[in-house]
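Below is one structure, written out as structure tokens; comments come after it.
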Amino acid sequence: MFIYDSVQKTKREFIPLSKEQVTLYVCGPTVYDDAHLGHAKSALVFDLLRRVLEANGHNVIYARNITDIDDKIIKKAAEQGVGITDITDKFTEAYHVDMSALGIERPTLEPKATESLEAMFELIQKLIDTNHAYQIENGDVYFDTQSDQKYLSISGNKQNDDDRQERVESSTAKKHPADFALWKSVNDKSLTFPSPFGAGRPGWHTECSAMIEKHLAGDDKFAIDIHGGGADLLFPHHENEAAQTRCSSNHELANYWMHNGFVNIDGEKMSKSLGNSFFIKDALKVYDGEVLRFYLLSTNYRSNFNFNEQDLLASKKRLDKMYRLKKRLFGMKIADEKTEMKTKLLEALSDDLNVSLGLAIIDEMVANANETLDANPKDKLIKRQSTSDLAFIEKVLGFGHQNPFEYFQFGLDADTKKKIDDLVAQRSDAKKEKNFEKSDLLRDEIMAFGVSIMDTAQGTFWERTE
RNA sequence: GGUGCCAUCGCCAAGUGGUAAGGCCGCAGCCUGCAAAGCUGCUAUCCCCGGUUCAAAUCCGGGUGGCACCUCCA
């Protein structure tokens, strides 16, 4: 397997620290609002990574945190006049619902900041004891970036001198403007925790390092195999996490770093002012979750992704083809066939998640199966192989888990389906009587529902095509 | 200002030295009562200039044009 390491800026062969397991940590959401398409992208990419690692025989321990201590949460709770946990519980649950709709499997571990305070205290104390952190008069504890020789080695950023000057003058009692808070001394009623450093709240970066140490780290040169997140987190978040871990333990944080690109909408940076499609839950009202998954995952995860409806619809047609093959194979038992397609697909995905190439391989398989079945609808071998191929695709990519007939009925209520079924039956009768004028009229009626019909040897099927 | 990424057919998009995958759209054909679906065939020399090399979309230099981060935003 090969992974593009965004710290070394090169594709590297993936060699796990331990043969027993692969440790993967991804920065999860801050639960103060509904998840948007960017959250979806990140979660999808690392869900895929996990599946591909597993398909390669690795036992993956995947942790994705929930940040439930944050100023934005406090602000929201205050605005709405509700408790902190009302907000965090609500949006944690909503996050799970959205992720599930996208076919994203639950991580092995989902540590919450509120449940990791002890680990954070331990981390901060170690940093203080080793002079990598200091507490100022007001109680804040800062990480001393100057004490870390390797600070900025993750992002490759350089300290900007002009910038530095300005901030020194305006800053507080921090030793250096780049120093960041490990513990913020606050004493408001909303959300404060007692700690060895006084009452307050942890800094944002603290939780990830602490959780990794607590749940995943071993004795190796690196705490974990792979650390992932959105491209925006490289600096300062991941830089700071790495510094904390480096200075409080005898290992670097991660052997491989992966960062997914941003999602833009119609060429513009996502923002709430652009409207509803911003949130996953709103997108799900219009599009099937699996269609969203397929679309968001269809290109290189590192590039920025430009979300727009035309591309999504074009992408959907590709998924449709897979489902039509699934229809042709409906009822087949899944056998574990060794096929060339599986080998090639896994190889493509194992090369830094090359989904684009993988989709080309799938298209080729689908076309070949259709061609063979067109020539001989009873070809047992191709049916077994294709069924097996589709099952593999479902497992490793998460595409194709639905009943193929229901897939094509997305968004239609039972009443409408019944009406369409009735019209289709009437049309079939008319066709039997060779009353084509009547059957064509009925077809027009059916198509008015945004539905296409197709006559096959197995009977007439209909699909919502819009 | 600092750091970094990107530029491939109308659109989306693979391909990191050996002579341009795939999908959408379009055209022609097979199939069909007609369709739809499916299948077959057809459609690019890779932003510009220069260099390295037997050989470059792929490496180097210079342009031009996008974009991101440097403000707790995935």
Side-chain angles (χ1 to χ4, degrees), chain A residues 6 9-11 26-30 33 35-46 64 67 70-72 152 155-164 167 178 180-181 184 203-206 228-237 239-240 259-264 267 269-271 295 298-300 302-306 308 310-321 324-325 327-328 348 351 354-364 366-375 431 434-437 439-440 443-444 446-447 451-456 460-463 465:
Chain A
S6 40
K9 298 192 197 317
T10 181
K11 203 189 276 183
V26 174
C27 294
T30 301
D33 204 349
H36 54 63
L37 292 172
H39 294 108
K41 174 83 179 174
S42 177
L44 282 166
V45 165
F46 293 105
R64 186 184 61 206
T67 300
D70 184 274
D71 290 350
K72 290 189 291 293
L152 300 182
S155 64
N157 280 10
K158 284 181 181 160
Q159 214 77 56
N160 186 320
D161 287 341
D162 301 335
D163 209 25
R164 188 189 300 179
R167 291 200 204 168
F180 55 91
K184 291 187 278 191
W204 175 38
H205 319 297
T206 316
D232 55 325
L233 297 179
L234 182 54
F235 188 90
H237 186 51
E239 186 73 62
N240 292 348
H259 292 91
N260 64 277
F262 266 54
V263 178
N264 298 323
K269 187 168 175 170
M270 251 195 317
S271 75
Y295 175 51
S298 64
T299 68
N300 187 295
R302 281 184 276 132
S303 307
N304 287 344
F305 189 94
N306 187 34
N308 74 74
Q310 282 65 43
D311 292 347
L312 181 144
L313 262 25
S315 164
K316 177 181 180 296
K317 291 187 179 179
R318 219 171 175 176
L319 181 61
D320 288 351
K321 285 190 166 193
R324 290 204 184 96
L325 177 62
K327 268 194 203 171
R328 286 185 93 159
D351 183 13
N354 193 338
V355 181
S356 294
L357 183 57
L359 291 184
I361 291 163
I362 292 172
D363 288 334
E364 196 186 349
V366 172
N368 177 260
N370 277 323
E371 190 182 359
T372 309
L373 289 171
D374 281 352
K431 267 176 54 113
K434 305 259 185 223
N435 187 346
F436 296 124
E437 204 173 320
S439 73
D440 286 351
R443 179 167 59 197
D444 289 344
I446 294 163
M447 285 174 71
V451 162
S452 305
I453 54 180
M454 35 214 70
D455 297 321
T456 76
T460 298
F461 298 124
W462 60 268
E463 296 179 355
T465 47

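- At the heavy-atom level, A:G203 lies nowhere under 4.0 Å from the strands shown.
- Remark: the separation of the P atoms in B:G4 and B:C12 is 28 Å, to the nearest Å.
- Taking atom CD of residue A:E364 and atom P of nucleotide B:G23, one finds them 10 Å apart after rounding to whole Å.
- Counting only distance, with no hydrogens or angles, the side chain of A:N308 and the backbone of A:D311 share a donor-acceptor pair below 3.5 Å.
- Distance check on atom C1': B:A20 versus B:A35 gives 37 Å, rounded to whole Å.
- The side chain of A:K321 sits closest to B:C24 out of B:A74, B:A21, B:C24.
- Considering only heavy atoms from C-beta on, A:V355 stays 4.5 Å or farther from A:T299 through its side chain.
- Once rounded to the nearest 0.5 Å, the distance linking SG of A:C27 with NE2 of A:H259 reads 7.5 Å.
- When the nearest nucleotides of RNA chain B are assigned to A:Q310 and A:K11 by heavy-atom distance, the more 5′-ward of the two goes with A:K11.
- In terms of phosphate contacts, A:N354 brings a side-chain nitrogen or oxygen within less than 4.0 Å of OP1 or OP2 of B:G15.
- Remark: A:K321 does not engage A:D363 in a salt bridge, criterion side-chain N to carboxylate O under 4.0 Å.
- Spacing of P atoms, B:C5 relative to B:G41, comes out at 40 Å, to the nearest Å.
- If A:S155 and A:K434 are placed on RNA chain B by their nearest nucleotide, the residue sitting closer to the 5' end is A:S155.
- With both pairing distances under 3.5 Å, B:G10 is matched to B:C24 as a Watson-Crick or G-U wobble pair.
- Within the 4.0 angstrom heavy-atom criterion, base atoms lie near A:F262.
- In this structure, NE2 of A:H259 is placed 18 Å from C1' of B:C67, rounded to the nearest angstrom.
- The separation of B:U64 from B:A21, taken at their P atoms, amounts to 33 Å, rounded to a whole angstrom.
- The CG-P distance, from A:D311 to B:C12, rounds to 6 Å in whole Å.
- Note on A:K184: a base of the nucleic acid sits closer than 4.0 angstrom, heavy atoms only.
- Scanning both residues, A:G156 and A:E239, for their nearest heavy atoms gives N-OE1, 4.2 Å.
- Between A:N260 and A:F46, some side-chain heavy-atom pair lies under the 4.5 Å cut-off.
- Panel note: side chain A:Y295, backbone A:A314; no donor-acceptor pair is recorded below 3.5 Å.
- We find that CZ of A:R302 is positioned 16 Å from C1' of B:C67, with the value rounded to whole Å.
- B:G15 and B:C59 are spaced 16 Å apart, taking the C1' atom of each and rounding to whole Å.
- Following rounding to the nearest Å, A:L234 (CG) and B:U71 (P) show an atom-to-atom distance of 13 Å.
- Within the shown strands, B:G51 is the pairing partner of B:C59 under the Watson-Crick or G-U definition, both distances less than 3.5 Å.
- Among the protein residues, A:R443 comes within range of the nucleic acid bases, having at least one heavy atom under 4.0 Å from a base atom.
- Taking every side-chain heavy atom of A:N300 into account, B:A14 is the closest of B:G23, B:A74, B:A14.
- Taking atom CG of A:D71 as the reference point, atom P of B:U71 lies 17 Å away to the nearest angstrom.
- Comparing B:C48 with B:C54, their C1' atoms are spaced 26 Å from each other, to the whole Å.
- Residue A:F235 is in sugar-phosphate contact alone, with no base atom involved, counting any heavy-atom pair closer than 4.0 Å across all strands shown.
- Checked against B:A36, B:A74, B:C72, the side chain of A:H36 finds its nearest nucleotide in B:A74.
- A:A181 comes within 4.0 angstrom of no nucleic acid atom, judged by non-hydrogen atoms across all strands.
- Pairing of B:A68, defined by two Watson-Crick or G-U wobble distances under 3.5 Å, is identified with B:U3.
- The distance from atom CG of A:N157 to atom P of B:G2 is 13 Å, rounded to the nearest whole Å.
- For A:A360, taking side-chain heavy atoms from C-beta onward, the closest of the listed nucleotides B:A21, B:G33, B:A74 is B:A21.
- Applying the 4.0 Å criterion to OP1 and OP2 of B:C39, one finds that A:N370 has a side-chain N or O inside that range.
- The distance from atom CG of A:L312 to atom C1' of B:C25 is 16 Å, rounded to the nearest whole Å.
- Heavy atoms of A:K317 sit under 4.0 angstrom from primed sugar atoms or phosphate atoms, though from no base atom.
- The listed nucleotides are B:A74, B:G4, B:C34; the one nearest the side chain of A:K431 is B:C34.
- Among the atoms of the strands shown, base atoms are found under 4.0 Å from some heavy atom of A:G38.
- Contact annotation for A:L233: backbone-only contact, meaning every heavy-atom pair under 4.0 Å involves sugar-phosphate atoms and none involves a base.
- B:U8 and B:U40: their P atoms are spaced 29 Å apart (whole Å).
- Note on A:R324: only backbone sugar-phosphate atoms sit closer than 4.0 angstrom, heavy atoms only; bases stay farther off.
- The residue A:N304 sits close only to the backbone: its heavy atoms come under 4.0 Å of sugar-phosphate atoms, none of a base.
- Judged by atom type and distance alone, A:D440 reaches the base of B:G33 through a side-chain donor-acceptor pair under 3.5 Å.
- Across all strands shown, A:V45 has no heavy atoms under 4.0 Å from either base or sugar-phosphate atoms.
- Checking B:A37, B:G23, B:A14 against every side-chain atom of A:R318, the shortest atom distance belongs to B:G23.
- Side-chain contact check for A:E463 and A:S452: no donor-acceptor pair (N or O, by modelled atom type) lies under 3.5 Å.
- Going from atom OG of A:S315 over to atom CD of A:Q310 covers 13.0 Å, rounded to the nearest 0.5 Å.
- As judged by a 4.0 angstrom heavy-atom cut-off over every strand, A:D455 is placed among the base-contacting residues.
- The pairing partner recorded for B:C30 is B:G38, the criterion being a Watson-Crick or G-U wobble arrangement whose two distances lie under 3.5 angstrom.
- Using C1' as the reference atom, B:C11 and B:G50 are 32 Å apart when rounded to the nearest Å.
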